[in-house]
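For reference, the structure discussed in these notes is given below.
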Amino acid sequence: MSRTLDLTATPADRISRLRSVWRAAWDQGHVDALDDLLSPAYVRRRGPASAAQGRDQFKESIRAMRDAFPDLHTEIEDIVEDGDRVAIRWRTTGRHTGAFLGVPPTGKPVEVSGATFARFDGASVTEEWVTFDSRQLLEALGIITTGHQAAVDADLVRGVHRKFITGVTVVTTDDDGTPRGLAVNAFSSISLDPPMVLVCVQRSSSTHPVLHRASHLGISILSAGQLDVAKVFASKGDDKFARVGWTPGDFGSPLIDGSCAQLEVEIGERLEAGSHTVFTGRVVSARHDDLAPLVYSGGGFFDISHTAPLPW
Ligand SMILES: Cc1cc2nc3c(=O)[nH]c(=O)nc-3n(C[C@H](O)[C@H](O)[C@H](O)COP(=O)(O)O)c2cc1C
């Protein structure tokens with residue numbers, strides 16, 4: 001099709017081309033068919049948490065999707081036009097028979113629905129905004145559960161958690177020059193290569209919204225002599241940092257003086273889970289020393305240096 005013809009394409013031409021290119025790319029894997037629809041400067045956006053994709057990256061993501069779901073099928077359920085903009089409501093189904101997002105094949109059928117808002121410049125799409133419920137996909141693959149029915153009594157679960165011994169951390173961030181933070185024992189290593197960790201923060205915490213807009217967070221593992229610091233950060237108040245010594249880390253996160261280990265983390269995913277948000281991220285700075293850590297168990301605090309090591 002010549003460029004002159006493209007530019008005079010009627011809205012009906014655009015829609016029928018969009019349908020056939022989607023079918024070729026998504027259902028048949030002919031991703032180069034997208035070159036007939038998407039301009040070379042095409043940008044695909046998926047909200048602030050995801051990086052924008054260019055045309056080649058988009059093609060690559062369709063290939064990866066089709067490797068994991070070879071029978072992928074997308075049904076266009078509705079198309080609405082408004083001048084140079086087109087809104088498409090779609091539903092995609094497929095069976096998970098190849099690895100996806102690190103999840104080995106489950107054989108499960110997956111269904112995801114969403115909407116794409118495309119902006120045409122002449123005959124080509126220059127920009128798309130895509131929105132879909134990624135929880136449908138993650139839940140189908142068993143990565144998250146969103147079922148709301150409590151299967152087990154809450155007190156029973158609380159009793160189980162009291163049997164699990166943890167340290168105590170102070171999770172901090174810099175909010176435009178103001179240090180903010182709270183005590184957190186829901187801290188875990190995720191991976192050593194690359195070095196990644198997670199912390200879980202309740203949505204009702206006043207630090208929570210600040211962590212949502214931050215790029216980095218600090219984690220200070222409290223030492224056995226810092227019970228008073230744990231109490232400060234387990235409370236609410238604007239003056240927490242006036243009551244303890246702290247020093248900004250290499251990436252600006254406030255780190256608690258006298259803590260036995262410290263990390264700074266570049267925040268990656270923010271996963272909503274029940275009453276909490278799980279913040280994952282890559283470790284960008286780390287240090288530790290010989291001080292013993294403060295221990296939290298069964299609702300009480302302990303000094304680990306009074307415990308006897310078991311031979312094994
Ligand atoms: C030992 C201990 C561990 C805690 N762990 C967590 C945790 O993992 N996540 C969390 O959101 N709150 C945790 N809290 C509670 C918060 O520290 C507490 O609600 C704090 O007042 C929140 O402060 P903010 O509202 O100023 O952010 C913990 C408290 C204590 C004493």
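Only this structure's heavy atoms are used, side chains among them; waters, hydrogens and symmetry mates stay out. As the structure lists them, so they are numbered: ligands from 1, and atoms in each ligand from 1.
Residues passing the salt bridge (Lys or Arg N to Asp or Glu O under 4.0 Å) test with Glu77, sequence neighbours excluded: Arg89, Arg91.
At distances below 3.5 Å, at least one donor-acceptor pair connects side-chain atoms of His96 with backbone N or O atoms of Thr106. Ser220 contributes a side-chain N or O that, together with a main-chain N or O of Ile256, makes up a donor-acceptor pair within less than 3.5 Å.
Listed by number with element, the atoms of ligand 1 under 4.0 angstrom from any heavy atom of Phe233 are 17 (O), 20 (C). Residue Ala186 approaches ligand 1 through these ligand atoms, each under 4.0 Å from one of its heavy atoms: 8 (O). Near Lys240, with a cut-off below 4.0 Å to any heavy atom, the atoms of ligand 1 are 23 (O), 24 (P), 26 (O). Listed by number with element, the atoms of ligand 1 under 4.0 angstrom from any heavy atom of Thr207 are 24 (P), 26 (O), 27 (O). The distance from ligand 1 to the heavy atoms of Tyr296 drops below 4.0 Å at these ligand atoms: 1 (C).
Closest to atom 9 (N) of ligand 1 among all protein heavy atoms lies Cys200 O, 2.9 Å. Scanning the protein for heavy atoms near atom 24 (P) of ligand 1, the closest one is Ser206 OG, 3.3 Å. Closest to atom 13 (C) of ligand 1 among all protein heavy atoms lies Ala183 O, 3.1 Å.
Checked by atom type, the side-chain pair Ser223/Gln226 shows a donor-acceptor distance below 3.5 Å. Counting only N and O atoms by type, the side chains of Glu128 and Thr116 include no donor and acceptor under 3.5 Å apart.
The N/O atoms of Val168, backbone and side chain alike, include none that comes under 3.5 Å of an N/O atom in ligand 1.
Remark: among candidates Lys231, Lys236, Gln202, Arg180, the nearest residue to atom 25 (O) of ligand 1 is Lys236, based on non-hydrogen atoms. When the options Ser297, Ala234, Gly300 are ranked by their closest heavy atom to atom 21 (O) of ligand 1, first place goes to Ala234.
Around NE2 of His212, the count of heavy atoms belonging to other residues, nucleotides or ligands within 6.0 Å exceeds 12.
For the pair Arg17 and Asp13, the salt-bridge criterion is not met [side-chain N within less than 4.0 Å of a carboxylate O].
Clustering of Ile, Leu, Val, Met, Phe, Trp and Tyr side chains at separations under 4.5 Å places Leu263 together with Val171, Leu182, Val184, Phe187, Val197, Val199, Val201, Leu211, Leu217, Ile219, Ile221, Val265, Ile267, Phe279, Val283.
For Ser235, every heavy-atom contact with ligand 1 shorter than 4.0 Å involves the backbone, none the side chain. Under 4.0 Å from ligand 1, not a single heavy atom of Ser204 appears.
Relative ring orientation between Phe301 and Tyr296 is described as tilted, the plane-to-plane angle lying within the 30° to 60° band.
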